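Because the structure is predicted, anything quoted here is derived from the model rather than measured. All chains are named by letter (A, B, ...) in the order of the sequence lines, taking the proteins before the strands, and each is independently numbered beginning at 1.
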Protein chains: 2
Amino acid sequence: MPSRRVTSYDVAELAGVSQSAVSRAFTADASVSAGMRARILAAADSLDYRPNAIARSLGKGRSGLLGMIVNQHTEQSYVNALRGITELLRASGSGALLQVVDADSLADGAVTALLDYQVEAIVCSSVLSESAVSRCADAGVALCLVNRQIKADTVDEVMSDNAASSTAIAHELASRGAVKTAYLYGPSSSFVSRLRYDGFATGCADAGLPAPIKAHCEFTYRGGYEAAVTLIKHHPDLSAIAAATDSMAFGVMDALQSCCDRQVPKDIAVAGYDDEATAGYTSYRLTTVRQPMEAMLARAVELTRERIEQPELGKRQIIMAGELILRQSTGHMQESI
Amino acid sequence: MPSRRVTSYDVAELAGVSQSAVSRAFTADASVSAGMRARILAAADSLDYRPNAIARSLGKGRSGLLGMIVNQHTEQSYVNALRGITELLRASGSGALLQVVDADSLADGAVTALLDYQVEAIVCSSVLSESAVSRCADAGVALCLVNRQIKADTVDEVMSDNAASSTAIAHELASRGAVKTAYLYGPSSSFVSRLRYDGFATGCADAGLPAPIKAHCEFTYRGGYEAAVTLIKHHPDLSAIAAATDSMAFGVMDALQSCCDRQVPKDIAVAGYDDEATAGYTSYRLTTVRQPMEAMLARAVELTRERIEQPELGKRQIIMAGELILRQSTGHMQESI
DNA sequence: TTGAAAGCGCTAACAC
DNA sequence: GTGTTAGCGCTTTCAA
């Protein structure tokens with residue numbers, strides 16, 4: 001029996017005031033006397049009335065909706081970070097429209113769907129076409145990419161310091177005595193992989209090491225596993241392998257131990273990137289980099305809010321520092337669990 | 001320059017028709033002649049017009065929105081499954097409003113936020129209060145729980161066969177020669193833990209084994225680790241430990257190997273539940289259960305759709321079969337990676 | 001089939 | 001401070 005939805009008119013009638021008074025009572029900085037507001041709120045309460053956000057959106061010309069596009073195989077930490085975002089939005093009476101997309105394809109369809117619902121901004125951690133970007137711009141929708149980049153000065157970008165953190169990994173490896181290193185790049189098209197590889201190479205150069213051997217593979221455990229086997233076959237004297245992601249690094253570690261007869265870190269050091277939960281497990285104890293995901297997402301939302309206020313703003317690129325997590329895979333001791 | 005949004009009036013003017021004709025042209029089964037529709041669609045296209053979903057919602061009295069409430073520390077597989085859902089919705093011109101909530105607290109605030117946006121249904125994998133449930137019912141919003149249960153005949157439920165799969169694990173352990181078993185339960189309040197434990201105990205009984213020793217701990221790696229250490233101290237002759245989740249099982253395996261001087265599976269078998277990616281890694285090779293998450297979510301959405309059509313429907317509880325994944329942790333051989 | 005007109009539930013000038 | 005009156009951009013009768 002969803003009788004009939006209760007509207008502001010019902011509340012107005014019960015409270016003996018005009019409908020617009022009800023609207024004002026529910027608006028933070030409206031001019032209503034305290035008494036009237038209390039009376040209206042009481043009436044609303046007794047009727048279980050809550051303003052219809054859809055109708056409010058139409059009236060104000062702003063939906064209060066944030067669009068979020070996330071990749072399917074995104075790290076767990078990203079999901080955890082979403083809690084912060086959805087809570088933030090909830091507190092301000094806004095909502096988050098989600099689109100989860102296939103990792104490899106353009107998220108244009110997702111953008112269209114979000115635009116249809118009049119989102120005010122989109123935070124996206126997937127690849128967009130230029131046309132999708134310009135449709136956002138035309139619609140006056142603020143767009144912010146997370147760990148992605150695109151040449152368009154209407155879109156902001158938030159990234160972790162992929163290069164600097166990777167440089168730090170190289171330094172760590174060098175200080176542990178690594179000489180000949182390899183870097184496990186993801187698919188050659190990957191944007192963050194390039195940043196991470198470049199940073200790593202820089203670190204090697206800083207430390208007077210030869211340029212890392214570069215190997216490509218899938219962004220997966222299996223990819224890392226197979227790549228490690230091949231690497232060791234061709235370069236039995238490798239002293240360290242760094243991988244663009246943790247899951248690849250886990251594959252590397254397992255391959256080294258079960259296929260290549262190498263002990264980590266005694267014979268060879270390994271490092272990853274992302275700090276997945278598994279990285280802390282006793283079986284891996286992987287040195288890696290933790291990105292400040294929650295802060296990154298929060299910042300992304302903030303950037304879109306600013307851009308909504310001031311659409312003329314120039315492009316902003318925010319780089320946020322990651323945290324190098326040193327563990328046994330590069331020879332560091334740590335508490336047992 | 002978000003000039004002014006283009007509306008159906010603009011399209012109507014360009015195409016030389018009435019505004020309502022434009023509306024019809026964008027409605028699947030409306031009575032418009034093919035020629036008129038083509039002409040209107042062309043005009044719309046040239047103006048980059050797309051119907052405003054918010055306005056449409058207000059007009060029709062249905063938002064096309066699905067609310068989704070997910071727990072913060074939900075498994076990765078759940079997120080992957082969300083891709084299927086958001087694509088499904090996108091195809092039907094609907095959207096998904098997301099709320100990520102703290103695992104331990106009631107998701108009532110999330111429900112309120114979703115209701116404000118007039119979602120037509122909510123798929124929830126978190127705990128709700130009865131008042132939240134009845135607010136949904138009052139609002140005529142279909143509610144479906146995933147791997148949760150509540151006494152309310154207006155809400156449907158989709159679960160994996162937690163008990164049956166756990167029974168299968170017990171059988172597997174027994175067939176491998178286990179005699180004295182332990183079950184790592186999560187916090188005692190956990191609903192699925194109870195189902196899983198009961199199923200496991202049933203399996204033990206079937207196989208003529210003594211009742212499993214029951215231990216409680218957090219749903220985490222560390223929880224499993226510490227619990228295993230304690231268990232072995234008190235029961236050095238344990239032949240198998242099953243855990244309510246994979247992450248606990250990983251902790252168990254690591255504790256056994258690095259603290260308790262036990263080899264898995266030679267000295268003791270271990271099993272988990274969830275089939276996280278890590279379960280397949282060479283270092284763990286954990287026997288576990290994979291829930292058909294994508295199918296479960298799809299079914300949940302389907303149930304809500306049916307309930308929207310027929311609100312008088314009685315409660316439905318759907319149990320979907322999980323898949324027992326046999327790996328080395330219970331003595332099974334498998335290909336190397 | 002098509003157009004005119006009345007909402008959907010709210011916000012926001014605008015008067016009082 | 002409060003009520004009146006237009007919209008917001010659609011959908012949907014209702015006539016034609």
_Neighbours of DNA chain C within residues 27-36 of chain A, by heavy-atom distance under 4.0 Å_ = none

*Could you tell me whether the side chain of R5(B) reaches within less than 4.5 Å of the side chain of Q118(A), counting heavy atoms only?*
yes

*the helix from dT1(C)-dA16(D) to dC16(C)-dG1(D): angle between its terminal axes, five pairs each, to 10°?*
30°

*Calculate, to the nearest 0.5 Å, the distance between atoms OG and CZ belonging to S8(B) and R56(B) respectively.*
10.5 Å

*Determine whether the side chains of S160(A) and Q291(A) contain a donor N or O and an acceptor N or O closer than 3.5 Å.*
yes

*Under the side chain to side chain donor-acceptor pair (under 3.5 Å) rule, collect the residues that match up with K60(B), sequence neighbours excluded.*
none

*R135(B): what forms a side chain to side chain donor-acceptor pair (under 3.5 Å) with it, not counting sequence neighbours?*
T112(B)

_Check: L195(A) and Q149(A) side chains under 4.5 Å, non-hydrogen atoms_ = no

*Kindly indicate whether the side chain of R299(A), heavy atoms from C-beta on, has any atom under 4.5 Å from the side chain of E302(A).*
yes

*Heavy-atom closest contact (V32(A) atom, R37(A) atom, distance)*: CG2-NH2, 3.8 Å

*Just wondering, more than 12 heavy atoms not from E87(B) lying within 6.0 Å of its CD?*
yes

*asked:* Taking side-chain contact (heavy atoms from CB on, under 4.5 Å) as the definition, give me every residue that meets it alongside L89(A), ordered by chain and number, with sequence neighbours left out.
replied: L66(A), I85(A), S94(A), A96(A), R305(A)

_Within this structure, what is the CG-CG distance for the pair L114(A) and L65(A), rounded to the nearest 0.5 Å?_
8.5 Å

N/O donor to acceptor pairs below 3.5 angstrom from side-chain atoms of residues 121-129 of chain A, sequence neighbours left out:
from, atom 1, to, atom 2, distance (Å)
S125(A), OG, I69(A), O, 3.3
S125(A), OG, Y78(A), OH, 3.3
S129(A), OG, D108(A), OD1, 3.3
S129(A), OG, D108(A), OD2, 2.3
S129(A), OG, S131(A), N, 3.4
S129(A), OG, S131(A), OG, 3.4
S129(A), OG, A132(A), N, 3.1

_For chain B and DNA chain C, what are the first and last nucleotides along the strand, 5' to 3', with at least one atom under 4.0 angstrom from a heavy atom of the protein chain?_
dT1(C) to dG9(C)

_Test item: T7(A) and D10(A) side chains (from C-beta on) under 4.5 Å apart, heavy atoms_ = yes

_Contacts of Y49(A) that satisfy ring-ring contact (aromatic ring centres under 6.0 Å, His included) - sequence neighbours left out_ = F26(A)

*asked:* How about CD on Q19(A), more than 12 heavy atoms from neighbouring residues, nucleotides or ligands closer than 6.0 Å, or not?
replied: yes

*Before giving the answer on side chain to side chain contact (heavy atoms under 4.5 Å, CB included), spell out for R148(B) and N71(B) the whole-Å C-alpha distance, their side-chain angles and the decisive distance to 0.1 Å.*
CA-CA 12 Å; R148(B) 287 285 128 92; N71(B) 256 312; 3.3 Å; yes

_Sub-4.0 Å heavy-atom contacts from residues 110-118 of chain B onto DNA chain D, ordered by number_ = none

*Near DNA chain C, under 4.0 Å by heavy atom, which residues of residues 8-20 of chain A?*
S8(A), Y9(A), Q19(A), S20(A)

_Terminal contacting nucleotides, 5' and 3', DNA chain D versus chain B (heavy atom, 4.0 Å)_ = dG9(D) to dT13(D)

*Mind checking whether M293(B) and N80(B) have side chains closer than 4.5 Å, heavy atoms only?*
no

_When you compare the side chain of L303(A) with that of R316(A), does any pair of heavy atoms fall below 4.5 Å?_
yes

*Straight-line distance of K315(B) NZ to D156(B) CG, nearest 0.5 Å*: 7.5 Å

*When rounded to the nearest 0.5 angstrom, what distance separates CZ in R307(B) from OG1 in T154(B)?*
6.5 Å

*asked:* Tell me which residues in residues 43-65 of chain A lie within less than 4.0 Å of DNA chain D, going by non-hydrogen atoms.
replied: L58(A), G59(A)

